[in-house]
Each structure stands twice: as C-alpha cells, then as structure tokens.
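We name chains A, B, ... by the order of the sequence lines, and we start the count at 1 in each one. Side-chain atoms are counted along with the backbone in the values below, which use heavy atoms only and exclude waters and symmetry mates. Just so it is clear, the structure is predicted and the values come from calculations on it, not from any experiment.
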Number of protein chains: 2
Amino acid sequence: MAKAVQQRTLKTRTKLLDAATAVIAEGGYEALRVEDVVKRAGVAKGTFFAHFKDKDALMDHLIGKEIDRHLDQIAALPAPRTSAEMTDALMPLAAFMSCERYVFDVILRHSGAAAQREIGPIAMTFGRHEQVVTDWLAQRPFRTDISAQLQAEGVQAFAIQAISLMFCSLHNSLSIRERLQVYLAAWLTPQS
Amino acid sequence: MAKAVQQRTLKTRTKLLDAATAVIAEGGYEALRVEDVVKRAGVAKGTFFAHFKDKDALMDHLIGKEIDRHLDQIAALPAPRTSAEMTDALMPLAAFMSCERYVFDVILRHSGAAAQREIGPIAMTFGRHEQVVTDWLAQRPFRTDISAQLQAEGVQAFAIQAISLMFCSLHNSLSIRERLQVYLAAWLTPQS
DNA sequence: ACCAAAAAGTGACCGCGGTCAATTAAAATT
DNA sequence: AATTTTAATTGACCGCGGTCACTTTTTGGT
C-alpha cells in the first residue's frame, strides 16, 4: 500500500489553495471564479475538480480553516463568568461569519452533513464549537435545570439568529453583539 | 397613468406560475429548470426573466405562498397553553420547511432582506410568523422576565435549529418535533 | 382609422460550474 | 531497462442561469 498519493498531488493542491487564497484576498469570497483560480495556479480546469468535488467543497475547506483559527483563540480563553463575557468571547467568530452574506450562506449550507461520511470542515467546526461552549457551561453553570449540552445548542442557535437578523433590514437596529447579548442573557440566566 | 399592466402580462405570469407548479409537482423544487418551465409555459426564456428577477425570485414566490398557507392555518388556531401545544401548532410548517434540503436553503437565504425595498414573500412570512407567536405569548405568558417579542424571536431561532439538526448526521437521533419540544420547554418555561 | 410611443416578448448569445474520454507522468512488475 | 499498471492531468464539451439588441403587440393621441 505505502504511499498512494504522489508529491505531485500535494504540490498541485497547494498551488490551487494558494491561488484561491490570493483571489479571495483581491475580491472576497463571493467573487471567486474557479476559472480564475486554475488560471492563477497554472493548471487545467479538470484538475481542480479532481482535487475538490465542487466549488462549494473549496469554500468549505477555506472557510472551515478560518473558523478553526477563531475557535483556537476561543478555546484558549478562560471560561466566561457572565453572559456578557460569553458574548464578547464569541464575537470575533461571529464577525467573520458575517463578513459576507455569501460566506454566511455557505456556512449554513455546510453546518450539517447529510451523511456521516460527508462531514466537512465547517460541519466539524460546529461540533467543536458546541464542545467548547459545553465545557464552559460545565465549569460555570448559568442555569441548572437543563444540560450544558442543551444550553450550548441554544447558544449556537442564538448566534445564528443574531447574525441572520443583522442581514435583515427589518431588524437591523441592533448590532450582532447587542442582540447576542440580549439572547444569551435570556437563555442562560432566566429570571423566572 | 391608468393601467400600466396589460392583461397579456397577467396571462403570461399565470402561465409561468402554472408551469412551474407542474414541474415542481413532478420532480420537486430542486429539480426545477427554468428552461423546462418556459418550454411548458410556451414562452421564450427572456420572458421568464422579465417576470422574475432570477430563478430564486420564483422560488421565493412559490415557497413564500406555501408558507403563507401554513401560517393561515396556524393563525386560526387558539393560543397554545403549553410549550408542547406550541410545538404541535408549529410542526406542519416545520415539516414543509424541511421537505427538501434545497427548500430549507432557499428559505434561509431569503429569510432576511438586505434592503427595505427588497423584502420578498419569504421575508414577509418571517415577520408574520413572529407576529403570530408574539400574539400567542402576549395572551398566555410563559415567562415574564422578557418581552413576548423576544420570546418569539427565540422560538424562531429554535425552530430553525431543530430543522438544521435534522439535516445533520451528527444529531439525527431526535425528530424535529422531539427536539423542538425540548427547546421550547427550556426557552419558554425555564425552571431556575 | 392612422401613427408614434411604450410595453411585452423573443432567441441567439454569454459566463461559469462541472464532466469525461483521451493523454501524460509516475510507480510496480518482469 | 523494458513493460504493464495505476494515478494525475488535460481541455474540449455540456447544462443551465441570465442578458440584451431586436421584433411584435398594445395603447393613447390626433
């Protein structure tokens, strides 16, 4: 069996990823065209699709990597003691997720994988995110009537909602931070 | 000024919508091709795009209409007295929203409109949904430490989350109903 | 009834994601 | 070293959403 992958493959993949990163640096995620990427990488179009199932898979990879970077930062933080602290801790990630409408759409599309086999980078980060928040909540329980895991799922749901409403003209009076703060307070420290 | 729209226009529009409905009835939303629709309607391709900004606008219209139908049913219901009753009341809508992965994606993409002018049918239904739930909550408060409006926003966030996780292999042990039931109980009737 | 202006409709064309039979390069076998 | 086998790459091609200069139809004014 040994090495089934050739170095050539890795080199091509690196060229493609570097080219994609450069294209995105110039025009953002939405403006990325596969044809631009392959031209820049100096390979044929078909080669791209031998490395990535489709354009979405490339986005999944790149955006997933970026989310992971933010999660590294978040995981290194001490467990927040209040819902306000938790809001602050989650904000950098939320800011990235909302940097482009297209990026947010890609994230939502990939947040859950239909089949066990197809769990991609972004879906992985959602699992990781849930774990990080669950660990926080296990350390410093905000409310005790429901499990930390359930609370973490709620935190995720509210983060999505806060970002969604930021893109909505009917509800854009509050910033993501302000809205998330209100949600988390109501969810993690109910007063009745 | 008088009538700027000709009957011809309405007739063509009807033909397009009927054709689209027929195509969807045969192969579902995801399989809809604009070319099939115009062929069936007996008009040219360009005509389609004179009536709908793009394919997404057609989907927005058709799916929005379907959601509205469900909201009519829901609005006619008496205000639920428990979170379990609310879950039951919302389930038919949730079932439609999750009938196809593609449909759910379209709904998420259109749930908020970027500009005030561009509020489409689906975005309207989200406003209406929020209003219906807010009215319920105002009648029979579940918790009183936060506003009915805020509670309604949370209900929406959890409904989305419950559907999302149904499409996710990592979390598909529970049905939408079971998961939504747990969420709403924790959100509307916290015990601490 | 006639004509000019406005509205509606047409279809060849383009952009771009994605495919696949053919080609080339690398590894395995003799 | 020559040959077979397997992996990687290529680019012409396709499908389908979307555009636009042009034609046809309707309308409103005279």
Exercise. Return no unless some side-chain N or O of A:T12 is found under 4.0 Å from OP1 or OP2 of D:dT9.
Key: yes

Exercise. Among D:dT9, C:dT10, D:dT27, find the nucleotide with the atom closest to the side chain of B:Q7.
Key: D:dT27

Self-check item: Sub-4.5 Å side-chain heavy-atom contact between B:L184 and B:F142
Solution: no

Quiz item: If we fit an axis to the first five pairs and another to the last five of the helix from C:dA1-D:dT30 to C:dA27-D:dT4, what angle do they make, to the nearest 10°?
Solution: 10°

Practice problem: Starting at atom CG of B:D60, determine the distance to atom C1' of D:dG17, rounded to an integer number of angstrom. | Solution: 17 Å

Quiz item: Please, which pairs that meet side-chain hydrogen bond (donor to acceptor under 3.5 Å, both in side chains) have at least one residue in residues 12-25 of chain A, sequence neighbours excluded?
Solution: none

Practice problem: To the nearest 0.5 Å, tell me how far A:D60 CG sits from A:K65 NZ. | Solution: 12.0 Å

Quiz prompt | Any B:P190 side-chain heavy atom under 4.5 Å of A:R143 side chain | solution = yes

Quiz item: What does B:L32 touch in the nucleic acid at a heavy-atom separation under 4.0 angstrom: a base, only the sugar-phosphate, or nothing?
Solution: sugar-phosphate

Quiz item: Can the ring centres of A:F96 and A:F104 be said to be less than 6.0 Å apart?
Solution: no

Quiz item: Separation of B:K39 atom NZ from C:dT10 atom C1', in whole Å?
Solution: 17 Å

Quiz item: In whole Å, what is the span from the CD atom of B:E35 to the P atom of C:dA12?
Solution: 12 Å

Exercise. Output yes when at least one side-chain N/O atom of B:R33 is less than 4.0 Å from OP1 or OP2 of D:dC16, else no.
Key: yes

Quiz item: Once you round it to whole Å, what is the distance between P of D:dT24 and CZ of B:R8?
Solution: 13 Å

Quiz prompt | Interatomic distance, A:K15 NZ vs D:dA8 P [rounded to whole Å] | solution = 14 Å

Quiz item: Where the side chain of B:E100 meets the backbone of B:Y29, is there a donor-acceptor pair that is under 3.5 Å apart?
Solution: yes

Practice problem: Nearest whole angstrom, please: distance from the C1' of C:dA26 to the NZ of A:K11. | Solution: 15 Å

Self-check item: Donor-acceptor pair between B:Q161 and A:E153 side chains, under 3.5 angstrom
Solution: no

Practice problem: Indicate whether any N or O donor in one side chain lies under 3.5 Å from an N or O acceptor in the other, for A:S175 and A:E178. | Solution: yes

Quiz item: What nucleotide among C:dC16, C:dA7, D:dG18 has an atom nearest to a side-chain atom of B:K45?
Solution: D:dG18

Quiz prompt | B:T189 side chain vs B:A185 backbone, donor-acceptor pair below 3.5 Å | solution = yes

Quiz item: Looking at DNA chain C, which of residues 47-55 of chain A put a heavy atom within less than 4.0 Å of it?
Solution: A:F49, A:D54, A:K55

